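The structure appears below as structure tokens.
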Amino acid sequence: DYAKTGQVYDVVFDAVSKSSFSHCKSSLKQGGFYLATVPTLTIMIETLWTSMIGSKKVIFGPSPVTDSAEDLIFLKELIESRKIRPAIDRRYPFEQMAEAHRYVDKGHKKGNVVITLEPNNKT
């Protein structure tokens, strides 16, 4: 649980509403941003109050990332320099995609679930 490590971050991006804002806000640096793609009423009230009295800010929206070439190159550089590290819970081969979906649907994943594509050598 990243919120229990004592580390602070410039950005916390909750793409699937797995964490509450109140759980995340202590992990944000002063002036940091909490990004939520699925805002709940509770999150909106908590974040409004925090934004009014503190320096931590909240952004709601479908995604803060655009698909411009410049943005994708920037993200690639951040990943290559290990400034952004994806949390990968499990990997499944393409043939086990249904099993991967069942795992995700249980709601217990701790990171991304990756589908790997291997070249099909069968002809």
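Just so it is clear, the structure is predicted and the values come from calculations on it, not from any experiment. What's counted below: heavy atoms across the whole structure, side chains too, no hydrogens, waters or symmetry copies.
D89 places a side-chain N or O within donor-acceptor distance of the main-chain N or O of K110, the cut-off being under 3.5 Å. In this structure, the side chain of K109 engages the main chain of G111 through a donor-acceptor pair within 3.5 Å.
If you chain together hydrophobic residues whose side chains sit under 4.5 Å apart, L78 and I73 never meet in one group. The hydrophobic clustering, which links ILVMFWY residues whose side-chain heavy atoms are closer than 4.5 Å, places V104 and F94 together. Following chains of ILVMFWY side-chain contacts shorter than 4.5 Å, one cannot reach I88 starting from Y92, and the two form parts of different hydrophobic clusters. Hydrophobic clustering of Ile, Leu, Val, Met, Phe, Trp and Tyr side chains at less than 4.5 Å, counting indirect connections, keeps L28 apart from V8.
The line from OG1 of T116 to CD of E95 is 7.5 Å long, rounded to the nearest 0.5 Å. The OG atom of S81 sits 10.5 Å away from the NZ atom of K76 when rounded to the nearest 0.5 Å. One finds the CZ atom of F74 at 7.0 Å from the CD1 atom of I84 (value rounded to the nearest 0.5 Å). In this structure, CD in Q96 is found 9.5 Å from CZ in R102, a value given to the nearest 0.5 Å.
Contact check for Y103 versus R90: side-chain heavy atoms found under the 4.5 Å cut-off. Inter-residue side-chain proximity for Y9 and K29 is flagged as unmet; no heavy-atom pair is nearer than 4.5 Å.
When every heavy atom of A100 is checked against every heavy atom of I115, the shortest pair comes out as CB-CD1, 3.7 Å.
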